[in-house]
Structures are given as structure tokens and as C-alpha cells.
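Right, one structure below, let's go through it.
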Amino acid sequence: MPDMRELLEVARADGPPPRYTVDDIVAAGRRHRRWVRTLRVGGAAAAVAAVTAGVLLAGSAVLPRTGGTGSPGSAGNGGLARPVAPVAPPAAAAQPPPFTFMITAYRVGAFRVLPPQEITPTYQRASILAGQPTAQAGHPTSYLGRLTLYRPGVRPAVASGASLLTVQGRPAYLAQGTRRVLDGVTSHFRVMPSSAPQTVYTLTWQYADDAWAVIASEPNFANEAMSPATEVSIANAFHAGAPVPARIPFRASYLPAGWHVSAIMGQSFAAEDVGSVSVTYTRPAASQNPPAKAPSIVVTIGQLDTPPPDAPKHKPTCSTTQSFCSWRIPGTGFYLLVEDPSNTLPTTELLRIGQSLVFDNLTKPATWHPVA
Amino acid sequence: VDRSDEQFRHFVAARMDGLRSLAYLACGDWQVAEDAVANSLAKLYPRWEKVSSPERYAARMVVRAAIDEVRRPWRRELPIAEGLAEVGVPDNADSIAERMQVRSALAQLPAGQRAVLVLRFYADFSVAEVAEALGRSIGTVKSQTARGLATLRELLAAHDIALVADIEEGTDDARYAGTSGGR
């Protein structure tokens, strides 16, 4: 008769070999630290793009450059190369207001580009799925990758060996990489066998003057990566839509002086691909001294599991050692988490910020308001 | 390589396997668990010298990341690849069957209850530490522990697997007050 610990040991036995090595983790940690430092010294937009592209997965590092050609930048390490081909300098594209979505949902055959959920001053991002919005048994929805639209003037890096193509009459670069999916058990507890190394493609194309977009494939357990033809067809069907301001579901009555929104993730709790809303605040670089001590504030709203009847309804739980406060939002099925990932802000400040929030109707995104 | 870097490297080498297991038990998907651990440790790296208890800190980050991942609808709807044979080894079929039954039972628990049980009984967190890690009240953690154990017992009983009867988890919730002593 096993005890609980033994039972859990049974469940976790026979895991697959690790996919990441210690060196992978340390390298990713260094990239993350560079991102944090860049964020703190004023390169917030570029850095946010770099880290959310995936800490460990092969992706496009974002290196905004001044002047130069119309081709994407090189990422500046041994695995990434110079621009594939020179392109005549184009005129600067019109700059939409910050935190304005230009991606609109669209479909190409069996593939769907969802409404964008993530936005920073540098980029906005939408998921790419295959399958119907309401998955049927035997015809499930598959997450295949993402479309990232960078603001004019920001140039994503292109991996070495990329092929030069044309998308909508403008230059495009198709890069190839590999990724192996090892043994695993899905959330449905079906054991999936190892895959052979999978080829994944990243398409970077110029969607307007001095403005670039990227479609990156992310293979899943079913080995469903987008083919080059699929990525090109999705890119060819892309058209910047009417500007739509990003919305957030609360107003902060109190924020420390000088703080501003630097990233938003989530535009609805009912989205197919994102189930929570996070708003990140940072301070201007000039006020950050020394940079390594600069904090950020992340406000996250998520849906609660059904709480037991004895659960305190609205009493905040704060951690002084880990710089977060959390509590159930009165009258809703949602929780609030206010945290400082740098662990430098006192919880009294986090609590004050959280308690100053005035919420819109969380279940009705139409009532949410644009970033001030 | 500076000393801090070396300490972090040793920490990862020593703890990564345990954190993978913790994340897997919280989410039921090895790939998601791998990503949750890798991303959490990458985020820990720049904070390494500021964190007084990295094991607890990493465990909290990993479990939260794993739960967040499986709550994303596209993660839940990953294709199951109908027709693929489950991996099995002929000479220990019984243990594999038991493992799959236990995994199946864990998978049927709500994510919150599963996370509480995993942190309590696998990571050896106290009730207060679980409450802090998951941003819940102590009462909620107690209730979710009791409910999770009760549900797990029922599910496992269907496969003739019985948990020991002396797991002591008090609860303030009268509905579950009688469930912690086993059945």
C-alpha cells in the first residue's frame, strides 16, 4: 500500500532523457540576463521580443539597428549570419501608435492565424493553429507556431543559410533548423514515442517599408510543423488590418511615479491560445540606477479553480521573500497576482498597487479600455 | 567562469532532474515539464544571488509555469495521434499498468489540487509554503489537499490501488473534514 510520496514516484518514473543540458540552461539564463539588463537600460522593446521568442528554442533574436539596408539584421553570434542579400533602402513605414494591433485573424486553407494576444512597443504576436475552433474528437486543434509583426524599424535576425524568396513582391528569407521531440506523455496521458529530428522553418519577410514580420514553426508531439509552402502562403495572405488598440481590463489608481506599460499578454480570457491577462510595467531607463537593481511590476489576472467554501474570499497572500501578492478579485471567478520578478520592490508597494486597481467587467473584453 | 555562475551550474546539475519530475507531476506532460523547468531556471539565473532559498524558489516557479502551460487551451488540445501504440516493456507490464493508472488518476484531478498534492507530498512543502507558492490561503490549501486525496483514493480504488490510511491533512472545510484518515 503506497504512501503519497511513493505513489508520485511511481507516476514520474521512466521519464524521457532530459532535452536540455546544464549548458543549455546556463546559456538561456545568460540570454535572459542580457534581456533583463537591456530592458533596464532602455532597450525594452527589443529585449521583450527576444525573450518571448523562446528562451531555449531556436528563434529570431531582435536587434534594432539604425539606418542601413532593408534586410534583417544578423544576430551576432556564431550560428547566425550576415544578411542574405542586400535590398535597396526603402522609405520608412508609417508608425502606428504604440500598443496598437495591426494583425487581424485570418485563415489560409486549414490554417488559422488567431487574433493577436501579445504586444510590446516592438512587436505583436498571434498564434497559428490548424483545425476548427471547436475541436472534434479525432479532429483536434493543433498549435503550429506564431506570427510576429515587428514595428517599422525593428529588424529580426535571420539564421545562416537562409534562402532569399519573395513574398508579396518584397524580400523574404526562409531559414531552416532542426528540433527533436523526445519521449513524452501528453496531458491526455498518452505516451508519445520519440521523433526523428524535425526540420522547422522560419520565414522572415518585409511586409512594408522598413517593417518585418516572422512566421516561426513550433513542432508538437504529432510532428506537425508548417512546411515552407504553408509559411509562404500564410505570409502571402497577410495584410495589416485596421489599427485596433490593445486593451487592458483594469485601471491603476496608484502606480509609482514614472512607471508605464511595457508589455501586454492576453486580450480575452476566452481566447483559444491564451487563458490569462498579464500587464508588465517598467520605469524609464533614466531613472534606473543601477540597472541591475531595477524592478518591474507584473499584474496577472487568471481564472480560479472552483474555490472551496472555506476559502477566504479576498484576503491577500503576500510573500516578502519572493515579492508577490495575490488574492481573489471580489465578485469574480478570477485571481489577481501582482509581482516583481526582480524581488526588489517591497510587498507593501505591490499590495498598494494591486488594491488600487479598478476592474472592468473581466468577462466582457468589450468593456476593457486602451492603454493610457 | 565566476563563482556565482559555477554555483548556479552545480544547482542545475543537481536539481534539474527533481524539478523535471515535479513539473511533470504538476502538468502530466514531459515536454511541457521540460520547457517549464528550462524557462524557470533561465529566469532564476539573473536572480541567483538574490534568492536565499533557490530550491524552494525554483520549485515554486516550475510548478506555476507547468500549471500555466497546461491551462492554455492549445496545450490541452494537442493531437493524441490516434493509433500510436503506447510504449511498453513486456517483462514488467504490471508496473507499467500501475504507472499508467496512477498517472491517469492524477490527470483527472483539477490542476490546482494536483499542484497542491505535488508540492505537499513530492516537494515536501509545508501547508504555509504551498499557500505562498500558489498564492492561495492556508485554508484553501488544506481543503484542496483533502479533496485531492479523497478524489485520488476513489480513482485508485477502481484499480485496486490503495493509499496508506495515515496521511494527515486537516481541513477547515466541514465537507471534507472526514476524508483525511483514509477509507
Side-chain angles (χ1 to χ4, degrees), chain A residues 1-5 7-8 10-13 15-16 18-20 22 25-26 28-30 32-33 36 55-56 127 129 135 138 140-143 181 184-193 220-222 272-275 305 307-312 315 317 319 321-322 324 326 335 337 343, chain B residues 8-9 12-13 16 20-21 24-25 27-31 34 38-39 41-43 45-47 50 52 57 70-82 84 86-87 98-99 102-104 106-107 110-112 118 121-122 131-132 135-137 139-140 143-144 162-164 167 172-173:
Chain A
M1 187 180 291
D3 65 18
M4 194 59 200
R5 169 90 192 190
L7 194 79
L8 293 171
V10 166
R12 71 113 210 179
R19 195 152 45 103
Y20 303 120
V22 173
I25 300 288
V26 172
R30 287 175 177 154
H32 187 71
R33 182 170 62 186
V36 171
V55 173
L56 290 165
S127 299
L129 271 62
T141 300
S142 302
Y143 174 80
V181 182
V185 180
T186 72
S187 52
H188 300 273
F189 285 78
R190 295 290 298 269
V191 177
M192 307 299 292
N220 55 32
F221 271 123
E272 275 189 82
D273 53 339
V274 177
D305 292 336
D310 71 319
K315 184 182 176 184
T317 299
S319 166
T321 57
Q322 297 173 10
F324 76 89
S326 180
Y335 69 85
L337 175 67
N343 272 13
Chain B
F8 179 78
R9 186 177 287 276
V12 173
M16 189 157 66
R20 288 173 72 227
S21 297
Y24 170 73
L25 291 169
C27 72
D29 185 320
W30 280 111
Q31 178 161 314
E34 292 263 16
N39 285 300
L41 290 175
K43 290 176 182 174
Y45 178 81
R47 306 173 202 167
K50 302 175 186 174
S52 58
Y57 189 81
V70 293
R71 280 177 170 161
R72 293 182 186 179
W74 58 262
R75 283 285 192 187
R76 290 200 299 270
E77 295 170 6
L78 277 174
I80 302 173
E82 297 295 337
L84 282 172
E86 293 187 346
V87 173
E98 181 188 42
R99 187 174 310 136
V102 172
R103 287 172 173 172
S104 173
L106 283 170
V118 168
F121 299 108
Y122 192 78
E132 183 179 75
R136 293 171 191 168
S137 71
T140 299
S143 296
Q144 289 196 323
L163 272 173
V164 293
I167 297 173
D172 299 329
D173 183 345

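Just the heavy atoms: all of them, side chains too, but no hydrogens, waters or symmetry mates, feed the values below. Just so we're on the same page: letters track the sequence lines, and every chain starts at 1. Being a predicted model, the structure only gives us computed values, none of them experimental.
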Between B:P46 and A:G29, what is the shortest heavy-atom contact and its length?
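Answer, listing the atom of B:P46 first, then A:G29: CD-O, 4.2 Å.
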So which atom in B:M16 and which in A:V22 form the shortest heavy-atom distance, rounded to 0.1 Å?
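For B:M16 and A:V22, the tightest heavy-atom pair comes out as CE-N, 4.3 Å.
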Restricting to side chain to side chain donor-acceptor pair (under 3.5 Å), what partner residues turn up for A:S326, sequence neighbours left out?
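For A:S326, no residue satisfies side chain to side chain donor-acceptor pair (under 3.5 Å) once neighbours in sequence are set aside.
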By a 4.5 Å heavy-atom criterion (distance strictly below it), what part of A:L8 contacts chain B: side chain, backbone, both, or neither?
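Both backbone and side chain.
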Return the set of residues passing ring-ring contact (aromatic ring centres under 6.0 Å, His included) with B:F8 (not counting sequence neighbours), or none when no residue passes.
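For B:F8, the residues satisfying ring-ring contact (aromatic ring centres under 6.0 Å, His included) (neighbours in sequence not counted) are B:Y45, B:W48.
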